[in-house]
Structure formats: C-alpha cells, structure tokens
Colleague: 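Pasting a structure below so you can have a look.
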Amino acid sequence: MADTSDSSRTPAQIEADIKRRRETLAETLDEIGVRVHPKTIVGDAKAKVVSSVDHTLGRAYVGVNRVVGDVKGQFVDEEGAPRLERIVPVALVVVGLVGLLTLGTRRRRG
C-alpha cells in the first residue's frame, strides 16, 4: 500500500487511492445488499430446510432399510431360501386375526 503521509504523495496518488477505496467500499456495500436482500434470505432459509429434510429422510431410509433387513433375516436364511418353520406360524396367526376381525365386523352389522 502507498505511503499514507500526505507530504510525500502527489495529488494523483491521493486521487488514485480515494478511487480504489471507493471501489472497494462499493463492492462491500453491493455484497451486503445481496446478503440482506429478502430473496437471498428466503433462498438461504429454503436451502437449510431442504438440507435438513434430506438429512432426516436419509436417516429414516437407512433406519427403515435396517429394520426390513432384520425382519427379512428372520424369514430367509443366508442362502435366500425361506424359513418355513418361521413363516408358517406367522401366516397362521395373521390368517386367524383376519378371521376374527371379519367375524367381529359381521356380528356388529347383523
């Protein structure tokens, strides 16, 4: 940067320094104007919300995927073959519950 003592600087140097400082100040003010503009603030807020939702959905997907894998592991062996000793009792319980619900619904109507 140029020497700041006025006695050793020429008027042209002082004018050039003032011009540079004005340009720097104008750039700074423009940047501040963009940062505080309502569209910029809303855009930044939207981006944060989208990022948060994406992060939450990603974590939920991983959690659900893990649960599905665990449940699948209970009914399928390592080779991918169904474990009938576990599937048949669960299927019987489901069929029994559906039957009970159906009977209960018919009794209320009749």
Colleague: Answer yes or no: is there a side-chain heavy-atom contact under 4.5 Å between Asp17 and Arg21?
Modeller: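 When only atoms from C-beta onward are counted, Arg21 and Asp17 do touch, with a gap below 4.5 Å.
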Colleague: Is there a path of hydrophobic side-chain contacts, each under 4.5 Å between heavy atoms of I/L/V/M/F/W/Y residues, joining Val90 to Val88?
Modeller: no
Colleague: Tell me if a side-chain donor or acceptor on Gln13 pairs with a main-chain N or O of Thr10 at a distance below 3.5 Å.
Modeller: yes
Colleague: Please report the shortest heavy-atom distance between Val36 and Ile41, naming the atom on each side.
Modeller: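 Where Val36 meets Ile41 most closely, the heavy atoms are O-CD1, 3.5 Å.
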Colleague: Using atom types as modelled and distance alone, determine if a side-chain donor or acceptor of Thr102 lies under 3.5 Å from a backbone N or O of Val98.
Modeller: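 Pair found, side chain donor or acceptor close to backbone of Val98.
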Colleague: Side-chain heavy atoms nearer than 4.5 Å, only ILVMFWY residues, links allowed to pass through others: does that put Val94 and Leu100 together?
Modeller: no
Colleague: Taking Ser52's backbone N and O only, do any of them form a donor-acceptor pair with Thr56's side chain (distance below 3.5 Å, no angle check)?
Modeller: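 Checked: pair present.
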Colleague: Should Val76 and Pro82 count as side-chain neighbours, where that means a heavy-atom distance under 4.5 Å?
Modeller: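 Not in contact.
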Colleague: So, taking the atom named CZ in Arg22 and the one named CD in Glu27, what distance separates them when rounded to the nearest 0.5 Å?
Modeller: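 Result: 14.5 Å between the selected atoms.
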Colleague: Can you give me the closest heavy-atom contact between Val34 and Thr40, atom names plus distance?
Modeller: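 Minimum heavy-atom contact is O-OG1, 2.7 Å.
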Colleague: Can you check whether Arg83 reaches Phe75 side chain to side chain, under 4.5 Å on heavy atoms?
Modeller: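 They are not in contact (no side-chain heavy atoms under 4.5 Å apart), so the answer is no.
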Colleague: With a 4.5 Å limit on heavy-atom distance, are the side chains of Arg35 and Asp44 in contact?
Modeller: no
Colleague: Applying a strict under-4.5 Å side-chain criterion to I, L, V, M, F, W and Y, I'd like to know whether Leu25 and Ile32 cluster together.
Modeller: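 Unlinked, Leu25 and Ile32 end up in two clusters.
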Colleague: Hey, what do you get for CG (Leu84) to CG (Asp77), rounding to the nearest 0.5 Å?
Modeller: 10.0 Å
Colleague: How long is the span from the CD atom in Glu23 to the CD1 atom in Ile18, to the nearest 0.5 Å?
Modeller: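 Spacing of CD (Glu23) from CD1 (Ile18) equals 12.5 Å.
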Colleague: Tell me, with the steps shown, if Val53 and Val49 meet side-chain contact (heavy atoms from CB on, under 4.5 Å).
Modeller: CA-CA 6 Å; Val53 168; Val49 168; 4.3 Å; yes
Colleague: Check whether Val50 and Val42 end up in the same hydrophobic cluster, where Ile, Leu, Val, Met, Phe, Trp and Tyr are linked by side-chain heavy atoms less than 4.5 Å apart.
Modeller: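 No, Val50 and Val42 fall in different hydrophobic clusters.
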Colleague: Report the distance from atom NZ of Lys46 to atom NZ of Lys48, rounding to the nearest 0.5 Å.
Modeller: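 Between Lys46 NZ and Lys48 NZ, I get 15.0 Å after rounding to 0.5 Å.
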Colleague: Can you tell me how far CD of Glu31 sits from CG of Leu29, rounded to the nearest 0.5 angstrom?
Modeller: 10.0 Å
